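Worksheet: one structure, shown below.
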Amino acid sequence: SGVPSSGPQATEWFLDTSATSHMASNAGNFTRSLPLSRSAPITVGNGASLPATHQATTSIDIAHSPLHLNNILVSPALVKNLISVRSLTRDNNVSVEFDPLGFSIKDLPTHTVIL
């Protein structure tokens, strides 16, 4: 309960500090999605292996400039859409700062909060 039966919503993304790739459950949620010729396995927290069927890209529009989510692995068996903090920071030259109120995403060179 609490998780929609049709899978995660396209707009619901969760930051994951241990994810090595961005991951999502539905290739149809992306304008750019390519089927994988060979199914790549995704190993999740409980050790289970889920087949990745597509690779996608998207961006999150913000005032500063879009945040790019590259190389999203898509597996219909995923329960949540995950943003890899490591991939996000590398691909966008940003930092993610956690505090008691939540988190902020900052432009790395200027330390300006952008989200």
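Because the structure is predicted, anything quoted here is derived from the model rather than measured. Start at 1 with the first residue, then count along the sequence.
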Rounded distance (nearest 0.5 Å) linking atom [atom1] of [X] with atom [atom2] of [Y]:
X	Y	atom1	atom2	result
Ile42	Leu78	CD1	CG	5.0 Å
Leu82	Thr20	CG	OG1	10.5 Å
Leu67	Asn93	CG	CG	11.5 Å
Arg86	Ser18	CZ	OG	11.0 Å
Ile83	Ile105	CD1	CD1	7.0 Å
Gln55	Asn70	CD	CG	9.0 Å

Original post:
Quick one: does His68's side chain have a donor or acceptor within less than 3.5 Å of a partner on Ser59's backbone?
Top reply: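 No, the answer is negative, given that no donor and acceptor are paired below the 3.5 Å cut-off.
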Original post:
Is the backbone of Ser95 close enough, under 3.5 Å, to the side chain of Thr89 for a donor and an acceptor to pair up by distance?
Top reply: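 Looks like no, no N/O pair under 3.5 Å.
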Original post:
Quick one: are Ser25 and Asn81 in side-chain contact, heavy atoms under 4.5 Å?
Top reply: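 SC-SC contact between Ser25 and Asn81 confirmed.
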Consider only side-chain heavy atoms of I, L, V, M, F, W and Y, link residues closer than 4.5 Å, and tell whether [X] and [Y] are in one cluster.
X	Y	answer
Ile114	Leu108	no
Leu73	Leu34	no
Leu36	Phe30	no

Which atom pair, heavy atoms only, marks the closest approach of [X] to [Y]?
X	Y	value
Leu88	His22	N-CE1, 3.7 Å
Asn71	Thr57	N-CG2, 3.9 Å
Ser87	Ser21	OG-CA, 4.3 Å
Val113	Ser104	CG1-CB, 4.2 Å
Pro109	Asp107	CD-OD2, 3.3 Å
Asn92	Pro66	OD1-O, 3.9 Å

